[in-house]
Structure formats: C-alpha cells, structure tokens
Amino acid sequence: MSGKITLIGKTWANTHPLTIVSRAVSEQDAEGLAKLFFMSYDDGSVNSQAEAREIIQQLFEGEFGSLIPDASQVISDENGRLIAAILVLESRRGDGLPQSPYIFELFTAASRRREGMAEQLLRLAIDRLHHGGYEDVALRIDEDNSAALALYLTLDFNRWFPDSDDVF
C-alpha cells in the first residue's frame, strides 16, 4: 500500500467550457453517495458499503470539517443515480494539513470514467471556491494514483509539505 501525498493549488475563475449538469450535494444524497463511494474504489480504500455509509454520515455531521455545499457537487444519470461527486470542506480537521478548503473526495462510477466528469467537477469546485473568496484548495491522494495525480498536476496543483508554506 502506498503513502499519501498532500497537494495544494490556487483557486481561479474557470474559463473552460463545462458540459456537465450538476447540482449541490445534500443530505438526501447520503445513500447514493455511499453506494457510489464504495463502488468507485477497487483498491480497498473503502471495504464495504456500510463503511462508505458511515464515512458519508460522518461527513454530513461535520466530523471532518464543514462541507461547502456550493463547491460540493453531484452528477446524476438519466435514471437519477449518482455517477460522480466532489465533496469539498472549508478545512479538513487534522494536523499536518493546509488551512484551506479541502477536497475530501472526488469520485466517478467505474463505468463512467474517462468521460471528463472528474475534471469538470474539479474545475467547477475551484471556480466556486474562487468566487467565494478562497485562494487555495488542498487534497490528499495515494502517491501511486497516477491518473489522479495527472489530473491535479494538469490543473496546477503542487505537492505541499507541512513544515513549509512554500509550494514545490
């Protein structure tokens, strides 16, 4: 199992056309989010749908930090099933993390990957954070998740180190 790395990026106004139709996440999405969360990871990050449900419940209860609803978006398919989501906190509770908005999760249904939804959700969240007055946004990923790393590097995220305010 790999380690985690923290990335940080500046927020900005999005000028790239978005083709997704999304809406703000709500507590009524909890069950759909739990199912999507569990089904999106095949690496053992979430061991069961019950564990995913518990994490999503804790998220809505504020255990990890306060959710920013406007930046936290979901995409549904034609049948109303959630197929992609981005969940953004004002700041992630815990030591060794930047004091900035934090992308708690960004995930897409395995059957719908490579359609650009994750990138568009990320662009939308960064834009909403920028217009909300936030300057930076951070996240943590597995260091061997090359697809996620490529996406974040493309959007000018950099590795963040807790002992320094410098971004490398």
Side-chain angles (χ1 to χ4, degrees), residues 4-43 45-46 52 55-56 59-60 62 64-92 97-142 145-160 167:
K4 299 272 189 186
I5 59 172
T6 302
L7 301 176
I8 192 164
K10 293 290 182 192
T11 65
W12 32 262
N14 181 52
T15 58
H16 191 274
L18 299 177
T19 60
I20 59 167
V21 175
S22 68
R23 63 173 172 75
V25 70
S26 74
E27 285 192 54
Q28 287 73 32
D29 295 316
E31 189 60 35
L33 282 169
K35 183 175 182 179
L36 177 62
F37 187 32
F38 174 62
M39 300 299 285
S40 294
Y41 289 102
D42 56 3
D43 64 358
S45 296
V46 182
I55 291 168
I56 295 299
L59 174 77
F60 281 115
F64 306 109
S66 297
L67 197 65
I68 303 175
D70 190 45
S72 299
Q73 298 281 306
V74 294
I75 300 174
S76 300
D77 68 9
E78 58 280 354
N79 297 314
R81 287 183 298 244
L82 298 184
I83 56 173
I86 188 166
L87 304 171
V88 184
L89 303 174
E90 282 186 31
S91 181
R92 174 77 158 93
L97 292 170
Q99 292 301 303
S100 67
Y102 181 86
I103 298 170
F104 182 76
E105 284 293 339
L106 172 59
F107 45 88
T108 304
S111 63
R112 301 297 299 264
R113 290 191 185 135
R114 308 200 64 73
E115 294 181 29
M117 287 185 274
E119 179 180 344
Q120 291 191 60
L121 283 172
L122 185 56
R123 286 179 175 278
L124 179 62
I126 290 170
D127 180 80
R128 299 267 171 96
L129 291 169
H130 175 76
H131 285 73
Y134 298 101
E135 294 181 13
D136 300 307
V137 60
L139 58 104
R140 225 180 230 169
I141 62 170
D142 289 331
N145 186 340
S146 58
L149 187 57
L151 171 61
Y152 294 120
L153 293 176
T154 298
L155 296 177
D156 293 328
F157 280 76
N158 296 287
R159 190 157 185 182
W160 180 84
V167 177

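In this text, all values refer to a predicted model and were calculated from it rather than measured experimentally.
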- Query: So I141 and K4, side-chain contact (heavy atoms from CB on, under 4.5 Å) or not? Walk me through it.
  - Reply: CA-CA 5 Å; I141 62 170; K4 299 272 189 186; over 6 Å; no
- Message: Strictly distance-based, threshold 3.5 Å: is any side-chain N or O of E90 a donor or acceptor partner for the main-chain N or O of P101?
- Response: no
- Note on the structure: All heavy atoms of A85 vs all of L121, minimum pair found to be N-CD1, 3.7 Å
- Task: Under the side-chain contact (heavy atoms from CB on, under 4.5 Å) rule, collect the residues that match up with A30, sequence neighbours excluded.
- Result: I56, F60
- Message: Under 4.0 Å between a side-chain nitrogen and a carboxylate oxygen: does that hold for R23 and D29?
- Response: yes
- Does A148 offer a backbone N or O that forms a donor-acceptor pair with the side chain of N145 under 3.5 Å? yes
- For S91 and Y102, the nearest pair of non-hydrogen atoms, with its separation, is C-CB, 4.5 Å
- Query: Which atom pair, heavy atoms only, marks the closest approach of A125 to I86?
  - Reply: CB-CD1, 3.7 Å
- Criterion side-chain contact (heavy atoms from CB on, under 4.5 Å) on T19 and Q120, from CA distance to verdict: CA-CA 8 Å; T19 60; Q120 291 191 60; 3.0 Å; yes
- Message: Quick one, I55 and F104 - any side-chain contact, counting heavy atoms below 4.5 Å?
- Response: yes
- Item | Side-chain touch I68/L129, heavy atoms, less than 4.5 angstrom | yes
- Task: Measure the CD1-CD1 distance between I20 and I83 for me, rounded to the nearest 0.5 Å.
- Result: 9.5 Å
- Task: Would you indicate whether the side-chain heavy atoms of P98 and D136 approach each other to under 4.5 Å?
- Result: no
- Would T108 and R113 satisfy side chain to side chain donor-acceptor pair (under 3.5 Å), going step by step from the backbone distance to the final call? CA-CA 6 Å; T108 304; R113 290 191 185 135; 5.9 Å; no
- Item | Minimum heavy-atom distance H131-A13, with the two atoms named | CE1-CB, 3.7 Å
- Task: Taking all non-hydrogen atoms of both residues into account, name the closest pair between L7 and Y152 and its distance.
- Result: CD1-CB, 3.7 Å
- Message: Under 4.0 Å between a side-chain nitrogen and a carboxylate oxygen: does that hold for R123 and E119?
- Response: yes
- Criterion side chain to side chain donor-acceptor pair (under 3.5 Å) on T11 and E135, from CA distance to verdict: CA-CA 5 Å; T11 65; E135 294 181 13; over 6 Å; no
- Message: Nearest 0.5 Å, please: how far is CZ in R159 from CG in L153?
- Response: 11.0 Å
- Query: So do the side chains of V137 and I8 get within less than 4.5 Å of each other, counting heavy atoms only?
  - Reply: no
- I would like to know whether L139 and F157 meet side-chain contact (heavy atoms from CB on, under 4.5 Å); could you show each step before the answer? CA-CA 9 Å; L139 58 104; F157 280 76; 3.5 Å; yes
- Query: Do the side chains of R112 and D77 get nearer than 4.5 Å, heavy atoms only?
  - Reply: yes
- Item | Check: D70 main-chain N/O paired with R128 side-chain donor or acceptor under 3.5 Å | yes
- Minimum heavy-atom distance between S72 and V88, given as atom pair plus value: OG-N, 2.8 Å
- Query: Are the side chains of D142 and I5 in touch, meaning some heavy atoms are under 4.5 Å apart?
  - Reply: no
- Message: Tell me whether N79 contacts the main-chain N or O of R81 through its side chain, where contact means a donor paired with an acceptor under 3.5 Å.
- Response: no
- Give the C-alpha distance, both sets of side-chain angles, the deciding distance and a yes or no for side-chain contact (heavy atoms from CB on, under 4.5 Å) between I103 and L89. CA-CA 6 Å; I103 298 170; L89 303 174; over 6 Å; no
- Answer yes or no: is there a donor N or O on one side and an acceptor on the other, between the side chain of H130 and the main chain of I126, under 3.5 Å? no
- At what distance, to the nearest 0.5 angstrom, does CZ of F37 lie from CD of E105? 4.0 Å
- Item | Inter-residue atom distance I75.CD1 - S22.OG, 0.5 Å rounding | 6.0 Å
- Message: How long is the straight-line distance from CG of L67 back to CD of E27, given to the nearest 0.5 Å?
- Response: 9.0 Å
- Message: I need the L151 CG to S146 OG distance, nearest 0.5 Å.
- Response: 11.5 Å
- Between K10 and D156, is there a salt bridge with N-O shorter than 4.0 Å? no
